[in-house]
Number of protein chains: 2
Amino acid sequence: MTETASRPTLEAVAARAGVSRATVSRVVNGGEGVRETLVERVRRAVEELGYVPNQAARSLVTRRHDAVAVVIAEPETRVFADPFFALQLRGISKELTVHDSQLVLLLTEGREDYARVGRYLAGGHVDGALVFSLHLDDPLPGLIHGAGVPTVFGGRPGWSDGMRVNGPTVYVDSDNRGGAREAVRHLVGLGHTRIAHITGPLDQTCAVDRLDGFRDVMVDADPRLIVGSDFTPVGGERAMRELLERCPELDAVFAANDLSASGALRVLRERGRRVPEDVAVVGFDDMLPVAEQTDPPLTTVRQDIEEMGRLMARLLLRGLEQRGRDEQGSVGGAPSSVVLPTTLVRRASA
Amino acid sequence: MTETASRPTLEAVAARAGVSRATVSRVVNGGEGVRETLVERVRRAVEELGYVPNQAARSLVTRRHDAVAVVIAEPETRVFADPFFALQLRGISKELTVHDSQLVLLLTEGREDYARVGRYLAGGHVDGALVFSLHLDDPLPGLIHGAGVPTVFGGRPGWSDGMRVNGPTVYVDSDNRGGAREAVRHLVGLGHTRIAHITGPLDQTCAVDRLDGFRDVMVDADPRLIVGSDFTPVGGERAMRELLERCPELDAVFAANDLSASGALRVLRERGRRVPEDVAVVGFDDMLPVAEQTDPPLTTVRQDIEEMGRLMARLLLRGLEQRGRDEQGSVGGAPSSVVLPTTLVRRASA
DNA sequence: TTGAAAGCGCTAACAC
DNA sequence: GTGTTAGCGCTTTCAA
């Protein structure tokens, strides 16, 4: 532990430099319209005293915080077994850094945490929020709306467009449906006909969209070939066993993400089915540490997760700027949602 | 994006409840020493107006922030290919939540970011800092010290004890050396004699400690059996190839972490060496998604990473409380470093 | 028990 | 250009 020395204030710097507080403030905030010699003098005083502005005081008057909350609402353990969030965080962090904004991470581990998050958001700590992993029945959007904080969502939220209470909902998403279609078409192109799908949790839109994409191609798929799962390796194993039991003759599997695909691969190996000769497998995400590590390496649908994070931050910050420019009811130029393309990455599994 | 309504202030609540600001403040902060009827009246006004305290204003006077910075200084991409940090974060987040404190994440992607972090820490945004992944030549400790922020380190920092400028350095670490010893002894117990070691980056103390543990047991190890690496799967592959070239007759490998062990396993399989029959492999970390997923599943040294995170937060908060109690130069009761035990987890690879 | 009043450190009009 | 002044919203003595 280190000591907390009491820090010098603007006042002290002003005294030392022999100018007024206002002048110091001007210099500290860019130095526009201050004589060069004074700027110099103030800079020196700042340096000598080791002055750093007190943000609480600054925020109190400017009402800006240069901080953005990232809310990750994922009760399950999964969040952290999955590089997904980490990658998004990284993209966000990079973009925020460029704009000199800080990242405040709010993780919720259960319903009890929601009140805390709501309080925090409403407490005027941050300029905006980035929100992930919404489930259909999530109370979070309500809280956020109540807190009145500008928000960009990661992944299309599940509610209908009616929710445009104050301005449209802004989100960044991948083309989950299109990506899924491409994956399944690839399997079809390889000559497979009995293609199964291991879904993600269907209370999240990305899982639903991937299922829809699967159905787009396999228009009259045998319902026994679709089995629900949860994006985890263990869930993937379970689903694969179920599938093998229901339809031993299946010849391909499209898993809703790489993690569940890895579980499926394990079961296939265990059961002596060769991949891709007996059963071809395609995943989704292109999570490198997973997809490249499986045996055989996984053919999968790539989405640029880091870019999604970066984009979310960019949209949010742009929106904040907008709002700053025209203080009331900004109409034109408000940012709108973005859907990023996906690409199929061919490896050995299909 | 959502609208930012201007929030009601203490003043407004006071007016509505027909009391003074001071009374409202008391009620909001617990309500000690206020007549029950008034408490009730104020609570109702708060409710009706949807009042939430402005934290900037509060911090300005209390000098507390109920926020802790987590600094992750890892220039390489590795940070996020590795569940390690995510797990620590999770432990930290849980503990902070209990104490109603917020987590502010500061990621540094390169030297340029350091100044920003220093500024932030010094800016009085947070009550303390939790710092990870220090490399030997890291400028971060200096910055932190300059910022005068109470800090707990994750992993023993590399500097000598002399650095106790203001109070001893507090850290939380695993018993890396002991764990390594146990791993190697296990291999010895299995009858292996030509045991190799794939190290981590030796500018981090955990990697050095694991190497030391290896040497403790293999007192006069053939230097060709020790090869440097970097904690990544690819690094592990490279190291394994190198080892196989230098010493084709090796019969066991202790890798400094699971990720590099997974790379080593892949190379061994590729070269047709059976694991564990021809070459036994032990990792370190017991990162479940890695260790259980490898083929064969990895025998490894488990460290409770989430617990480390939790403990770091706990030590920091305890220190802050201490400091709150006795405002000057707290002597007794200051928290001190903790080293957590490790355990060997036997799976199939050794 | 409650209220009045004095700031916390800073910015932003507004004068000079 | 530079200084003066009035708050931002809250907590916290100090009196009543």
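The basis for the numbers below is simple: all heavy atoms, side chains too, and nothing from hydrogens, waters or symmetry mates. Per chain, numbering begins at 1; letters A, B, ... match sequence-line order. Predicted model only: the values in this text are computed from it and were never measured.
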Neighbour count above 12 (heavy atom, 6.0 Å) for A/Glu48 CD: yes

Pick base, sugar-phosphate or nothing for A/Val19, based on heavy-atom distances below 4.0 Å to the nucleic acid. sugar-phosphate

Output the distance between atom CG (B/Leu130) and atom CG (B/Leu106), rounded to the nearest 0.5 Å. 11.0 Å

5'-most by nearest nucleotide on DNA chain C - A/Thr9 or B/Gly33: B/Gly33

What residues in residues 51-64 of chain A put a non-hydrogen atom under 4.0 Å from any atom of DNA chain D? A/Leu60, A/Val61, A/Arg63

Do A/Asp173 and A/Phe153 pass the side-chain contact (heavy atoms from CB on, under 4.5 Å) test, and can you show the C-alpha distance, the side-chain angles, and the key distance before you say yes or no? CA-CA 9 Å; A/Asp173 206 350; A/Phe153 293 89; over 6 Å; no

Report the residue (A/Glu11 or A/Arg26) whose heavy-atom-nearest nucleotide on DNA chain C is the more 5′ of the two. A/Glu11

Looking at side-chain heavy atoms only, is the closest gap between B/Val34 and B/Thr23 below 4.5 Å? yes

Might you work through the side-chain contact (heavy atoms from CB on, under 4.5 Å) test for A/Val28 and A/Arg58, ending with a clear yes or no? CA-CA 12 Å; A/Val28 169; A/Arg58 178 179 278 176; 3.7 Å; yes

Taking CG from A/Leu38 and P from D/dG1, how many angstroms apart are they, rounded to a whole number? 11 Å

For D/dT4 and A/Ser20 - does any side-chain N or O of the residue sit under 4.0 Å from the phosphate oxygens OP1/OP2? no

Whole-Å gap separating P (D/dT13) and CZ (B/Arg21): 16 Å

Verdict with reasoning, B/Leu317 to B/Asp127, per side-chain contact (heavy atoms from CB on, under 4.5 Å): CA-CA 9 Å; B/Leu317 294 169; B/Asp127 302 319; over 6 Å; no

Heavy-atom closest contact (A/Ile144 atom, A/Leu121 atom, distance): CG1-CD2, 3.9 Å

Using the heavy-atom set of chain A and a strict 4.0 Å cut-off, write down the first and last nucleotide of DNA chain C that makes it in, 5' to 3'. C/dG9 to C/dA13

Less than 4.5 Å apart, any side-chain heavy atom of A/His125 and any of A/His65? no

